[in-house]
Visitor: 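Attaching a single structure in structure tokens format; questions to follow.
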Amino acid sequence: MAESIALAEVLEQQFRDNVEKQIRKVHETEQTLYHYTGLPSLMGMMETNQLWMSKGTFLNDSSELVYFSKVLEFVVKKLENQKHTPLWRLYIREVVRIMGQFIEEVKENGFEVYIFSLSHSQDSLALWYNYAKGEGYNIGFSAEQLFQRVSGFSIGPMLHGYVMYGRQEQEEVLVELLLKTFELVEPYEIDEIKKALPEHFFSLIASCAVFFKDPAFKSEEEYRIALMSRKSDKQPDVQFRAQNGVIIPYITVDFQSRLPISHITIGPKNNVDIAKSGMEHYLKWKGYDLEHVSISKSVAALRY
């Protein structure tokens, strides 16, 4: 039993060190990240001092949680004949089995992910139209303060980092993670390996599925915060809102005081002079110091 616990701990540490490193790449301190949204959502979050994190399968690119299965299938075929030991064959079979379990949990809502989408780009024409129909706003958040608060709100594992769009990069990351894990488990007894692998593989698969996206979405340049939940975890308090004629499930992350906003950018199709004046009055009314929260107008309209 002690060896099983030790192996689980080793795999958990490996997951944190390697998966987070591959996704995050840099530590986001003293930087601003931007959330593109419509005015109702902006005001809703500021009125309640909450982040609204949408359920992943209800985002515009809802197929992203299944896209990963094709990438993993390719990697498994590439690796399955790399070694010819009984342990390696068991290892590969277990990866495939847990991938099937993951897909089933996604379909049955046993696995859920709630996402808050951000970008380093303050004024992207593509993002204005993807997320705000060209008429919205983006909220610039202090990255460090944002992550500190969200990390304390956990319905399950929380990760934040860059979305990975390159298919070759995705495959290379998976190969590296799977080979490193195998090196760690190889010295252990087979029974202990069988006990420890399923939870580790599920965490790895779920995390990569959330942060691997089809190259077609590369223009989004997304940096996302993801909170993941399984049926065995504490269930989140889900709320619902209307957006573009559909109902969106979401969860909230409460801030004790005002949101860590450092900037507001006004979208290109708004009546920007009136919008800027209205936003200044609104921020003052909500207690934000305009010496620390700047407001600017999009210049994206100059490009068309």
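From a predicted model like this one, the values you see are computed outputs, not experimental measurements.
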Visitor: Can you spot which of Glu171, Glu169, Gln170 makes a side-chain hydrogen bond (donor to acceptor under 3.5 Å, both in side chains) with Arg167?
Guide: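 The passing option is Glu171.
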Visitor: Assess the pair Phe102 and Phe202: is the distance between their ring centroids shorter than 6.0 Å?
Guide: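 Ring centroids of Phe102 and Phe202 are less than 6.0 Å from each other.
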Visitor: Taking it one step at a time, do Leu72 and Cys208 satisfy side-chain contact (heavy atoms from CB on, under 4.5 Å)?
Guide: CA-CA 10 Å; Leu72 182 62; Cys208 290; over 6 Å; no
Visitor: Would you tell me whether Glu172 and Gln168 have side-chain atoms, one donor and one acceptor, within less than 3.5 Å of each other?
Guide: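 The answer is yes; a qualifying pair exists.
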Visitor: Taking atom CD as the centre, does Glu47 end up with more than 12 heavy-atom neighbours from other residues, nucleotides or ligands that are less than 6.0 angstrom away?
Guide: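 Atom CD in Glu47 is crowded, with more than 12 foreign heavy atoms closer than 6.0 Å.
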Visitor: Taking all non-hydrogen atoms of both residues into account, name the closest pair between Lys276 and Lys297 and its distance.
Guide: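 Heavy atoms of Lys276 and Lys297 come nearest at CD-CE, 3.7 Å.
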Visitor: Sequence neighbours excluded, which residues qualify as side chain to side chain donor-acceptor pair (under 3.5 Å) partners of Lys284?
Guide: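 Side chain to side chain donor-acceptor pair (under 3.5 Å) check on Lys284 returns nothing, list empty.
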Visitor: Find the distance between CD1 (Ile98) and CD (Glu199) and round it off to the nearest 0.5 Å.
Guide: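 Output value for this atom pair is 9.0 Å.
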Visitor: Output the distance between atom NZ (Lys77) and atom CD (Glu73), rounded to the nearest 0.5 Å.
Guide: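 Reported value, rounded in 0.5 Å steps: 4.5 Å.
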Visitor: Can you list every side chain to side chain donor-acceptor pair (under 3.5 Å) pair that touches residues 84-96, not counting sequence neighbours?
Guide: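 Those involving residues 84-96 are Glu94-Arg97.
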Visitor: Check the angle between the aromatic planes of Tyr162 and His120 and answer parallel, tilted or perpendicular using the 30° and 60° thresholds.
Guide: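 The rings of Tyr162 and His120 lie parallel, inter-plane angle below 30°.
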Visitor: Tell me whether the centres of the aromatic rings in Phe141 and Phe116 are closer together than 6.0 Å.
Guide: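 Yes, the ring centres sit under 6.0 Å apart.
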Visitor: Working to the nearest 0.5 angstrom, can you tell me the gap between Met164 CE and Phe211 CZ?
Guide: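 Here the rounded value is 9.5 Å.
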Visitor: Step by step, would you call Ser54 with Gln243 a side-chain contact (heavy atoms from CB on, under 4.5 Å)?
Guide: CA-CA 11 Å; Ser54 300; Gln243 179 176 303; 5.7 Å; no
Visitor: Quick one: does Leu184's side chain get under 4.5 Å of His200's, heavy atoms only?
Guide: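 In short, these two side chains do not touch, never coming nearer than 4.5 Å.
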Visitor: Cut-off 3.5 Å, side chains only: do Thr32 and His263 have a donor facing an acceptor?
Guide: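 Not at all, the side chains of Thr32 and His263 share no donor-acceptor pair under 3.5 Å.
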Visitor: Among side-chain atoms of Arg241 and Gln239, is any donor-acceptor pair under 3.5 angstrom?
Guide: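 No.
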Visitor: Can you measure from OG1 (Thr265) to NE2 (His35) and round to the nearest 0.5 angstrom?
Guide: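 So the gap between those two atoms works out to 13.0 Å.
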Visitor: Between Asp123 and Ser298, what is the shortest heavy-atom contact and its length?
Guide: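 Looking at all heavy atoms of both residues, the closest pair is OD1-OG, 2.6 Å.
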Visitor: Among residues at least two apart in sequence or on other chains, which ones pass side chain to side chain donor-acceptor pair (under 3.5 Å) with Asn18?
Guide: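 Testing Asn18 for side chain to side chain donor-acceptor pair (under 3.5 Å), a comparison that skips the adjacent residues, returns Lys180.
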Visitor: What are the two closest heavy atoms between Val95 and Ile205, and how far apart are they?
Guide: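 Shortest heavy-atom separation between Val95 and Ile205 comes out as O-CD1, 4.0 Å.
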Visitor: First locate atom OG of Ser121, then atom CG of Leu127, and finally report the distance between them rounded to the nearest 0.5 Å.
Guide: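 One gets 6.0 Å once the value is rounded to the nearest 0.5 Å.
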Visitor: Under the side-chain contact (heavy atoms from CB on, under 4.5 Å) rule, what do Met46 and Leu283 come out as? Steps first, then yes or no, please.
Guide: CA-CA 9 Å; Met46 292 182 69; Leu283 288 172; 3.2 Å; yes
Visitor: Would you say Met279 ends up clustered with Ile274 if hydrophobic residues are merged whenever their side chains have heavy atoms under 4.5 Å apart, either directly or through other cluster members?
Guide: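 No; Met279 is not reachable from Ile274 via cluster members.
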Visitor: Is the shortest heavy-atom distance from the side chain of Leu125 to the side chain of Tyr129 under 4.5 Å?
Guide: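 The answer is yes; the side chains approach within 4.5 Å.
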Visitor: Can you find a heavy atom in the side chain of Tyr250 that is under 4.5 Å from one in the side chain of Met53?
Guide: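 They are not in contact (no side-chain heavy atoms under 4.5 Å apart), so the answer is no.
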Visitor: Holding to ring pair (Phe, Tyr, Trp, His ring centres under 6.0 Å), I want the full list of residues that pass it with Tyr34, two or more places apart in sequence or in another chain.
Guide: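 Applying ring pair (Phe, Tyr, Trp, His ring centres under 6.0 Å) to Tyr34 gives none.
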Visitor: Should Phe68 and Met99 be marked as a side-chain contact (heavy atoms from CB on, under 4.5 Å) after you check the CA-CA gap, both sets of side-chain angles, and the distance that decides it?
Guide: CA-CA 10 Å; Phe68 172 73; Met99 184 65 217; 3.9 Å; yes
Visitor: Looking only at non-hydrogen atoms, find the nearest pair between Val253 and Arg149 and report the distance.
Guide: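 Looks like CG1-CG, 4.3 Å.
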Visitor: Ile139 and Trp285: same hydrophobic cluster, using ILVMFWY side-chain contacts below 4.5 Å?
Guide: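 Unlinked, Ile139 and Trp285 end up in two clusters.
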Visitor: Are the side chain of Tyr36 and the backbone N or O of Ser117 linked by a donor-acceptor pair below 3.5 Å?
Guide: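 No, the answer is negative, given that no donor and acceptor are paired below the 3.5 Å cut-off.
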Visitor: Would you say Val185 and Leu197 make side-chain contact, with heavy atoms under 4.5 Å?
Guide: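 Yes - at least one pair of side-chain heavy atoms lies under 4.5 Å apart.
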Visitor: Residues two or more places apart in sequence or in another chain: which of them pass side chain to side chain donor-acceptor pair (under 3.5 Å) with Glu186?
Guide: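 Partners of Glu186 by the side chain to side chain donor-acceptor pair (under 3.5 Å) criterion come out as none, since no residue qualifies.
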Visitor: What distance separates Lys70 NZ from Phe212 CZ, expressed to the nearest 0.5 Å?
Guide: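 The CZ atom of Phe212 is 15.5 Å from NZ of Lys70, to the nearest 0.5 Å.
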Visitor: Does some side-chain heavy atom of Met228 sit less than 4.5 Å from a side-chain heavy atom of Ser207?
Guide: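 With C-beta onward as the side chain, the pair touches.
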Visitor: Please determine if Glu220 and Lys213 form a salt bridge, counting it only when a charged side-chain N lies under 4.0 Å from a carboxylate O.
Guide: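 Looking at Lys213 together with Glu220, the answer is yes, because their closest N to O distance falls below 4.0 Å.
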Visitor: Would you check if Phe74 and Leu174 make a side-chain contact, meaning some heavy-atom pair closer than 4.5 Å?
Guide: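 Sidechains of Leu174 and Phe74: no contact.
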Visitor: For a quick test of reading the model, state the closest non-hydrogen atom pair linking Ser219 to Ala126 and the distance between them.
Guide: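 Smallest heavy-atom distance, with atoms named: OG-CB, 4.3 Å.
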Visitor: Can you check whether Val210's main-chain N or O pairs, donor with acceptor, with Arg224's side chain at less than 3.5 Å?
Guide: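 Between the backbone of Val210 and the side chain of Arg224 there is a qualifying donor-acceptor contact (under 3.5 Å).
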Visitor: For Ser262 and Ser142, work out which heavy atoms get closest and say how close.
Guide: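 Closest heavy-atom pair between Ser262 and Ser142: OG-N, 4.3 Å.
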Visitor: With a 4.5 Å limit on heavy-atom distance, are the side chains of Leu51 and Val150 in contact?
Guide: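 The answer is yes, as the side chains (C-beta and beyond) meet within the 4.5 Å cut-off.
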Visitor: Going by ring pair (Phe, Tyr, Trp, His ring centres under 6.0 Å), name the residues that satisfy it together with Phe15, two or more places apart in sequence or in a different chain.
Guide: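 Counting only residues at least two positions away or on another chain, Phe15 forms no ring pair (Phe, Tyr, Trp, His ring centres under 6.0 Å).
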Visitor: So do the side chains of Val10 and Tyr188 get within less than 4.5 Å of each other, counting heavy atoms only?
Guide: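 Yes, at least one pair of side-chain atoms sits under 4.5 Å.
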